[in-house]
Amino acid sequence: MSMQQNCLFCKIAAGQIPAQILYQDDDVLAFADIHPQAPQHILIIPRQHMAASMADLTAADAPILAKIFTTAQHLAHERGIDEKGYRFVTNVGKYSGQSVFHLHFHLLGGAPLGLFGTPTNQ
Ligand code: AMP
Ligand code: ZN
């Protein structure tokens, strides 16, 4: 379960693909999204390939999820987006537009964010 072949985020976690890493420890990694959707757009992932998306999580995963959420809090503060507010979201499956199947959360901020969840015609 530690590293899945051909997983982009496993490769970033292993240092095999470069990324602008903003925080890392033994459990979690945070890096800049390569196609930012807001002035600040950070991805936070578990280092281990523990789930393709939140749909695979169970209550036993609570400790790593708590760590991911507190990492988001710290980064939001460090990068100065906590006072005005931010969004922390995760995509699941086709209709969400999920494109990388290694659990990850998007931290978005730095400007007023549009209404999310608006259906498209695609
Ligand atoms: P999702 O659509 O929720 O699966 O999110 C995947 C995110 O990964 C997208 O926002 C992409 O812009 C981002 N992404 C893809 N490749 C890279 C990369 N090499 N480095 C950083 N972010 C990436
Ligand atoms: Zn992976």
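When a ligand or atom number is given, it counts from 1 through the structure's own listing order.
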(request) For ligand 1, would you mind listing the residues that have at least one heavy atom less than 4.0 Å away, ordered by chain and number? (result) Leu8, Phe9, Ile12, Phe31, Ala32, Asp33, Ile34, His35, Leu43, Asn91, Gly97, Gln98, Ser99, Val100, His104, His106
(message) Within a 6.0 Å radius of atom CD on Gln16, are there more than 12 heavy atoms belonging to other residues, nucleotides or ligands?
(response) yes
(request) Using ring pair (Phe, Tyr, Trp, His ring centres under 6.0 Å) as the criterion, list what pairs up with Tyr23, not counting sequence neighbours. (result) none
(message) With carbon and hydrogen excluded and only N/O/S kept, which atom of His49 is nearest the Zn ion (ligand 2)?
(response) ND1
(request) Could you tell me which residues satisfy ring pair (Phe, Tyr, Trp, His ring centres under 6.0 Å) with Phe9, sequence neighbours excluded, listed by chain and number? (result) Phe31, His104
(request) Could you grab the distance from atom NE2 of His74 to atom CG of Asp82, nearest 0.5 Å is fine? (result) 10.5 Å
(request) Look at Asp25 together with Lys67 and state whether they make a salt bridge at an N to O cut-off of under 4.0 Å. (result) yes
(request) Please find the N/O/S atom of His102 nearest to the Zn ion (ligand 2) and write down its name. (result) ND1
(request) Check whether any side-chain N or O of Gln40 sits under 3.5 Å from a backbone N or O of Ala38 as a donor-acceptor pair, and report yes or no. (result) no
(message) Just to verify, what does Phe101 make a ring pair (Phe, Tyr, Trp, His ring centres under 6.0 Å) with, not counting sequence neighbours?
(response) none
